[in-house]
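Here the structure comes first, spelled out in structure tokens, and everything after it is commentary.
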Protein chains: 2
Amino acid sequence: MTDLFPKKGHDHDRCIDSAIAQAEKVCEAESARFTDMRRKVFSLIWQSHKAVTAYELLDILQSEGLRVQPPTVYRALEFLTDLRLVHRIESLNAYFGCDQPDCDHLGQYFICTKCGRVAEAVDEDMSIAVRKAAKQVAFKIEATTIEIKGLCHDCTTH
Amino acid sequence: MTDLFPKKGHDHDRCIDSAIAQAEKVCEAESARFTDMRRKVFSLIWQSHKAVTAYELLDILQSEGLRVQPPTVYRALEFLTDLRLVHRIESLNAYFGCDQPDCDHLGQYFICTKCGRVAEAVDEDMSIAVRKAAKQVAFKIEATTIEIKGLCHDCTTH
DNA sequence: TCAAGAAATGATATATTATAACATATCACC
DNA sequence: GGTGATATGTTATAATATATCATTTCTTGA
């Protein structure tokens, strides 16, 4: 068993730093501008391993004294999701920092209904099953949403 | 290749009738009341093989002269989704009539981005892959959302 | 270097999706 | 037929998202 979810007491600053470093690399590679606002939104999303709604982000930004309106947040989110740095969790209307933006994956998301944390998986068997099922019905895949809700390991044992 | 999507020119009245008959059976089995409003909403959802939004349903009901407000529609939808007669497509915020409400499945939804139609699959390999992946990370599944967007067979060939 | 165009953000308004709360009507059962 | 449970009506509002135009900032090439 490998728990996808981070251990309690892990050094979360390292998660954040590494995510930002990776985002910088991706933006550089794409000649995309990692502006202050985008960086700010991205790092807010990475403050936890939970998914965050657009309006939660907005509230935080405003509480820090910034005069930000919804479109600003949604634009940053659009930028980040286009680059796959952030993933939208459809069943939560919320956004989640993506671990592995560089791999061309059909990602899967485990969502703990108790602690609220989200973990991304890139399970080949699942991807293969989806592609095979699509092929069987002659369906040309453009995008997939795979979201699995339930209890993470920590929450089943504690 | 078996196309999950219905053929052009199929007898859609039969789809509707069979869905309603099945819904009646399910309601009966659950001692749940298939009221006029619920039946009306259900049959509106089945008017096509597309997913329908709550407000589209509302507009139709109102255009038929009924004095219906959003809560009425959402209540009917909640009733129907609880019984698995209707499925919510998270990535569309829309609702879709479920083919096979009686099987205890992890359903998967193929959504054509061109014609808008939706088809439900119950692919064992996908279900197995999801359960296996969850088991590997000691995750206890409560619910799954599997939505696959792309082009249906008809839309790739025509 | 700076002018022009492109890209990003600001600002205002509004669209879309969903629910809370309480009133009324209908149903099921004794 | 009265009573409690269930369903729907009604009003208001919350939560999520986008359209549009103005302004600012950045980039790039003369």
Side-chain angles (χ1 to χ4, degrees), chain A residues 23-24 27-28 30-45 50-83 85-96 116 145 147, chain B residues 23-24 26-45 50-83 85-96 116 145 147:
Chain A
E24 273 166 351
C27 288
E28 171 124 37
E30 301 283 331
S31 314
R33 285 162 54 194
F34 201 40
T35 61
D36 286 352
M37 183 57 73
R38 290 164 178 173
R39 176 187 301 265
K40 181 78 203 163
V41 167
F42 184 72
S43 89
L44 285 178
I45 289 172
K50 300 181 187 180
V52 192
T53 70
Y55 277 78
E56 284 169 356
L57 294 166
L58 183 64
D59 287 349
I60 296 168
L61 291 166
Q62 288 179 340
S63 75
E64 292 181 357
L66 296 169
R67 265 158 213 251
V68 176
Q69 298 300 326
T72 300
V73 174
Y74 280 101
R75 283 167 186 148
L77 290 170
E78 186 186 14
F79 172 87
L80 294 166
T81 49
D82 282 353
L83 288 180
L85 294 168
V86 160
H87 186 86
R88 180 178 155 81
I89 307 292
E90 300 290 350
S91 60
L92 298 177
N93 296 332
Y95 300 83
F96 176 69
T145 300
E147 295 170 6
Chain B
E24 274 167 351
V26 169
C27 288
E28 171 124 36
E30 301 283 333
S31 314
R33 285 161 54 194
F34 201 40
T35 61
D36 286 352
M37 184 57 74
R38 289 162 178 175
R39 178 187 299 265
K40 182 76 202 163
V41 167
F42 184 71
S43 91
L44 285 178
I45 289 172
K50 300 181 186 181
V52 192
T53 70
Y55 278 79
E56 284 168 355
L57 293 167
L58 182 64
D59 286 349
I60 296 169
L61 291 166
Q62 288 180 340
S63 75
E64 293 182 357
L66 297 169
R67 267 160 211 251
V68 177
Q69 298 300 327
T72 300
V73 174
Y74 280 102
R75 283 169 187 147
L77 289 170
E78 187 186 13
F79 172 86
L80 295 167
T81 51
D82 282 352
L83 287 181
L85 294 169
V86 160
H87 186 86
R88 180 178 152 81
I89 306 292
E90 301 290 350
S91 60
L92 298 177
N93 298 331
Y95 301 83
F96 177 67
T145 300
E147 295 170 7

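Nothing here was measured: the structure is a model prediction, and the numbers come from that model. Lettering of chains follows the sequences in order, A, B, ..., and the numbering in each one begins at 1.
The shortest side-chain heavy-atom distance between A/Phe34 and A/Leu80 falls under the 4.5 Å cut-off. For the pair A/Leu83/A/Glu30, a side-chain contact is recorded, criterion being any heavy-atom separation below 4.5 Å from C-beta on. In this structure, the side chains of B/Met37 and B/Thr72 come closer than 4.5 Å at one or more pairs of heavy atoms. A/Tyr55 has its side chain within reach of A/Leu58: a pair of non-hydrogen atoms, C-beta onward, lies under 4.5 Å apart. The closest side-chain heavy-atom distance from B/Cys27 to B/Leu85 is below 4.5 Å. A 4.5 Å side-chain heavy-atom check between A/Leu44 and A/Val52 finds every atom pair outside the cut-off.
More than 12 heavy atoms of other shown residues, nucleotides or ligands fall within 6.0 angstrom of atom CD in B/Glu24. Annotation for B/Gln62: atom CD counts as buried by contact number, over 12 foreign heavy atoms lying within 6.0 Å.
When DNA chain D is scanned 5' to 3' for any atom under 4.0 Å from a heavy atom of chain B, the first and last hits are D/dT6 to D/dT11.
How far CG of A/Leu92 is from CD of B/Glu90: 8.5 Å, rounded to the nearest 0.5 Å.
Residues of residues 52-66 of chain B having a heavy atom closer than 4.0 Å to DNA chain D: none are found.
Of all the heavy atoms in B/Tyr95 and B/Arg88, the pair that sits closest is OH-NH1, 3.0 Å.
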Which pairs, protein N/O on one side and nucleotides 8-10 of chain C N/O on the other, fall under 3.5 Å?
{"unit_1": "C/dA8", "atom_1": "OP1", "unit_2": "A/Arg38", "atom_2": "NH1", "d": "3.1"}
{"unit_1": "C/dA8", "atom_1": "OP1", "unit_2": "A/Arg38", "atom_2": "NH2", "d": "3.4"}
{"unit_1": "C/dA8", "atom_1": "O5'", "unit_2": "A/Arg38", "atom_2": "NH2", "d": "3.4"}
{"unit_1": "C/dT9", "atom_1": "OP1", "unit_2": "A/Thr35", "atom_2": "OG1", "d": "2.5"}
{"unit_1": "C/dG10", "atom_1": "OP2", "unit_2": "A/Thr72", "atom_2": "OG1", "d": "3.2"}
{"unit_1": "C/dG10", "atom_1": "N7", "unit_2": "A/Arg75", "atom_2": "NH1", "d": "2.9"}
{"unit_1": "C/dG10", "atom_1": "O6", "unit_2": "A/Arg75", "atom_2": "NH2", "d": "2.6"}

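Residue pairs meeting the salt bridge (Lys or Arg N to Asp or Glu O under 4.0 Å) criterion with at least one partner in residues 63-72 of chain A, sequence neighbours excluded, are A/Lys40-A/Glu64.
Listed by chain and residue number, nothing satisfies the salt bridge (charged side-chain N to carboxylate O under 4.0 Å, His left out) test with B/Glu147 (two or more places apart in sequence, or in another chain).
Rounded to 10 degrees, the angle separating the terminal axes of the helix from C/dT1-D/dA30 to C/dC30-D/dG1 is 30°, with each axis obtained from five end pairs.
Using a 4.0 Å heavy-atom distance criterion, B/Phe34 is classed as making no nucleic acid contact.
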